[in-house]
Trainee: 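Sharing a structure, written as structure tokens. Questions coming.
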Amino acid sequence: MRPAPTILHLDMDAFYASAEQAAKPSLRGKAVVVGGLGPRGVVATASYEARVLGVHSAMPTAQARRLAPNAAYLVPRFALYRSVSEQVMELLGRLSPLVEPLSLDEAFVDLEAGGVADDSVSAKVTGERLRTAIREVTGLCGSVGLAGSKMLAKIASEQAKPDGLVLIEPGTERELLAPMSVRTLPGVGPATGDHLRRAGMTTVDDLAEAGEAELVRLVGKAHGHGLYRMALGLDDRSVVAERDAKSVSVEDTFDVDLHDRVRVRAEVERLAVRCVERLRSADRSGRTVVLKVRRYDFSTLTRSETLRGPTDDPTVVREAAARLLEAVDTTGGVRLLGVGVTGLADFTQEDLFAQAADARELAARSETPEEPVIGEGVGPVDEEPARESAEQLAARRWPAGHDVRHTVHGHGWVQGSGVGRVTVRFEEPGGPVGRVVTFRVDDPELSPADPLPLVRDPVDYSSWPASLPKSRSGPVSAAGGESRP
């Protein structure tokens with residue numbers, strides 16, 4: 001624990017949904033839900049207007065539609081979210097060399113290491129200035145928590161939502177935590193929370209009063225020890241600048257179970273290519289290819305193959321994933337497929353293509369008629385793979401919420417598609433609400449487009465934070481001070 005609240009936690013408010021509202025003037029102030037739109041889709045983020053109606057992250061989209069039938073349901077645009085995230089992380093990097101990203105929209109910052117704060121006043125000034133900078137550069141809002149530890153800084157940012165700042169003064173941790181639910185503490189999920197509830201512990205104060213020995217008896221030595229320290233407000237974890245990714249993966253859940261073996265293989269190969277694209281965008285390579293298959297009965301199988309060395313060759317990863325699929329029984333149907341790469345490295349071994357060819361030849365030699373591959377038919381495949389319907393093709397080409405450009409009308413976004421038509425609203429970030437036009441899905445003048453910046457002429461923060469005050473003496477105006485515009 002630090003004697004000053006110089007650990008900052010930033011959490012962008014309803015990030016995906018807020019970015020969509022900023023990009024689409026017609027959606028400002030309205031309920032927006034971002035996530036998978038199919039029958040098995042899941043909500044990724046809901047705007048605060050949708051949350052009032054009961055919609056929340058990880059909820060099935062079908063349930064969200066029942067709660068908020070008039071909300072705008074959009075497919076995620078990760079290119080936009082990554083772009084905005086890079087702008088935010090650059091601002092954080094100007095505050096301190098110790099920035100620990102947790103996701104695209106969340107990070108810890110060690111303000112003391114950056115020399116921009118060493119007491120409550122300077123920390124609060126820095127936090128407010130950061131919120132202003134984020135709004136001016138991205139057009140979005142973020143909530144800031146300041147405390148002497150990572151755990152408390154994160155709790156403070158949750159209290160600050162939406163669009164606020166909360167500072168927890170060192171020495172007030174026990175008083176603040178005491179009435180909170182045990183689920184507030186990191187590592188206490190539904191199962192642990194229910195276990196503690198049955199033991200009569202529902203608040204953090206209950207944990208502190210129970211004592212370390214009792215918690216160890218209930219949840220085990222390692223967890224019990226850590227839980228007791230957190231209940232006392234003790235957290236000595238430091239902000240770590242480098243959080244090295246352990247794997248890169250992509251996966252898709254299908255609206256209807258896939259039964260055709262040829263279609264399943266085609267989807268695996270497509271996912272492998274997407275995985276390599278993500279791998280290359282991170283300037284990494286990987287040595288182990290992993291295949292994930294969730295079958296019709298929700299049973300999930302994983303298979304892996306370790307190569308001689310790391311690669312970022314799409315052919316190698318694609319063929320390795322296809323080989324792994326051969327050992328999986330997909331007879332009853334497949335609802336989810338995923339391809340990942342682990343054992344990441346910063347270099348590539350060049351002879352892996354030859355290695356893949358050698359592996360295929362070895363596999364061919366080892367096959368015998370008496371031991372057919374599990375899940376394969378004994379005869380040749382003589383039927384065509386199931387074709388996607390026109391509706392599915394239109395939805396894949398024109399996802400709801402994604403950007404398009406028309407040679408006459410300019411930039412717009414897809415409101416929906418179906419029955420051979422695609423409906424587009426033509427508007428841009430920062431502009432007026434646009435008009436809606438419907439086209440044929442194969443209109444030659446309409447094409448997919450890249451997202452536009454949320455702010456056209458952002459304020460220049462290249463010299464920031466040179467203008468920030470380093471430190472000021474004197475108390476903060478109120479303990480646990482909260483500030484909202």
Side-chain angles (χ1 to χ4, degrees), residues 11-82 84-85 103-106 140-143 158 161-163 181 183 189-190 193 250-258 294 296 298 300 335-338 389 391-392 394-404 412-419 421-425 427 433 436 451 454:
D11 196 351
M12 301 294 290
D13 298 331
F15 183 47
Y16 297 171
S18 295
E20 297 297 348
Q21 288 176 317
K24 302 172 172 64
S26 58
L27 297 184
R28 291 174 185 168
K30 297 183 179 180
V32 174
V33 179
V34 180
L37 304 190
R40 294 171 176 169
V42 175
V43 174
T45 306
S47 68
Y48 285 100
E49 295 83 355
R51 295 182 188 187
V52 171
L53 302 174
V55 181
H56 58 77
S57 300
M59 171 183 286
T61 303
Q63 181 181 354
R65 288 186 185 277
R66 290 192 293 270
L67 294 171
N70 297 320
Y73 288 85
L74 308 176
V75 176
R77 295 189 296 160
F78 289 106
L80 171 64
Y81 311 148
R82 280 192 290 268
V84 176
S85 176
S103 62
L104 289 177
D105 63 335
E106 187 179 2
L140 304 181
C141 298
S143 295
E158 284 295 321
K161 285 183 172 295
D163 189 23
S181 166
R183 292 288 305 278
V250 296
E251 62 181 42
D252 271 350
T253 299
F254 305 101
D255 295 344
V256 179
D257 289 350
L258 303 184
R294 180 165 295 152
Y296 69 98
F298 286 89
T300 302
R335 60 184 291 119
L336 177 146
L337 290 169
S389 68
E391 299 292 329
Q392 290 172 320
R396 185 183 287 259
R397 186 181 183 192
W398 306 115
H402 280 227
D403 300 85
V404 296
W413 58 278
V414 176
Q415 280 201 324
S417 61
V419 199
R421 298 288 187 268
V422 54
T423 300
V424 178
R425 185 181 288 275
E427 59 186 5
V433 174
V436 175
L454 299 183

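Bear in mind the structure is a predicted one, so any value in this text is a computation, not a measurement.
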Trainee: Rounded at 0.5 Å granularity, tell me how far OG1 in Thr423 sits from CH2 in Trp413.
Mentor: 10.5 Å
Trainee: I need the Thr253 OG1 to Leu336 CG distance, nearest 0.5 Å.
Mentor: 4.0 Å
Trainee: To the nearest 0.5 angstrom, please state how far the NE2 atom of His402 sits from the OG atom of Ser417.
Mentor: 11.5 Å
Trainee: Is there a side chain to side chain contact (heavy atoms under 4.5 Å, CB included) between Lys24 and Val32 once you walk through the steps?
Mentor: CA-CA 11 Å; Lys24 302 172 172 64; Val32 174; over 6 Å; no
Trainee: What are the two closest heavy atoms between Met12 and Leu140, and how far apart are they?
Mentor: CE-CB, 3.8 Å
Trainee: What are the two closest heavy atoms between Val55 and Ala64, and how far apart are they?
Mentor: CG1-CB, 3.8 Å
Trainee: Do Leu104 and Arg82 pass the side chain to side chain contact (heavy atoms under 4.5 Å, CB included) test, and can you show the C-alpha distance, the side-chain angles, and the key distance before you say yes or no?
Mentor: CA-CA 7 Å; Leu104 289 177; Arg82 280 192 290 268; 3.9 Å; yes
Trainee: So, taking the atom named CD in Gln415 and the one named CG in Leu27, what distance separates them when rounded to the nearest 0.5 Å?
Mentor: 8.0 Å
Trainee: Picking from Lys30, Arg28, Gln21, what satisfies side chain to side chain contact (heavy atoms under 4.5 Å, CB included) with Ser47?
Mentor: Gln21
Trainee: Pairing donors with acceptors under 3.5 angstrom, does anything connect the side chains of Asp13 and Ser143?
Mentor: yes
Trainee: Taking the six-membered ring for Trp, are Tyr16 and Tyr81 parallel (under 30°), tilted (30 to 60°) or perpendicular (over 60°)?
Mentor: parallel
Trainee: Could you tell me the separation between the CZ atom of Phe298 and the CZ atom of Arg335, rounded to the nearest 0.5 Å?
Mentor: 3.5 Å
Trainee: Closest heavy-atom contact between Ala68 and Tyr73?
Mentor: O-OH, 2.8 Å
Trainee: List the residues meeting salt bridge (Lys or Arg N to Asp or Glu O under 4.0 Å) with Glu106, not counting sequence neighbours, and say none if there are none.
Mentor: Lys154
Trainee: Is any side-chain heavy atom of Val433 less than 4.5 Å from a side-chain heavy atom of Arg425?
Mentor: yes
Trainee: How far apart are the closest heavy atoms of Gly36 and Thr61, and which atoms are they?
Mentor: O-OG1, 2.5 Å
Trainee: Cation over ring, Arg40 on Phe254, under 6.0 Å and within 45°?
Mentor: no
Trainee: Under the criterion side chain to side chain contact (heavy atoms under 4.5 Å, CB included), I'd like the reasoning laid out for Thr45 against Phe15: C-alpha separation, chi angles, the key distance, then a yes or no.
Mentor: CA-CA 7 Å; Thr45 306; Phe15 183 47; 5.7 Å; no
Trainee: Give me the atom names and distance for the closest heavy-atom approach of Arg77 to Gly401.
Mentor: CD-O, 3.4 Å
Trainee: Locate the shortest heavy-atom distance separating Ser57 from Ala44; write the atom from each residue and the value.
Mentor: OG-O, 3.1 Å
Trainee: For Glu158 and Asp11, what are the C-alpha separation, side-chain angles and deciding distance, and is it a side chain to side chain contact (heavy atoms under 4.5 Å, CB included)?
Mentor: CA-CA 8 Å; Glu158 284 295 321; Asp11 196 351; 3.7 Å; yes
Trainee: To the nearest 0.5 Å, how far apart are CG in Leu67 and NE2 in His56?
Mentor: 8.0 Å
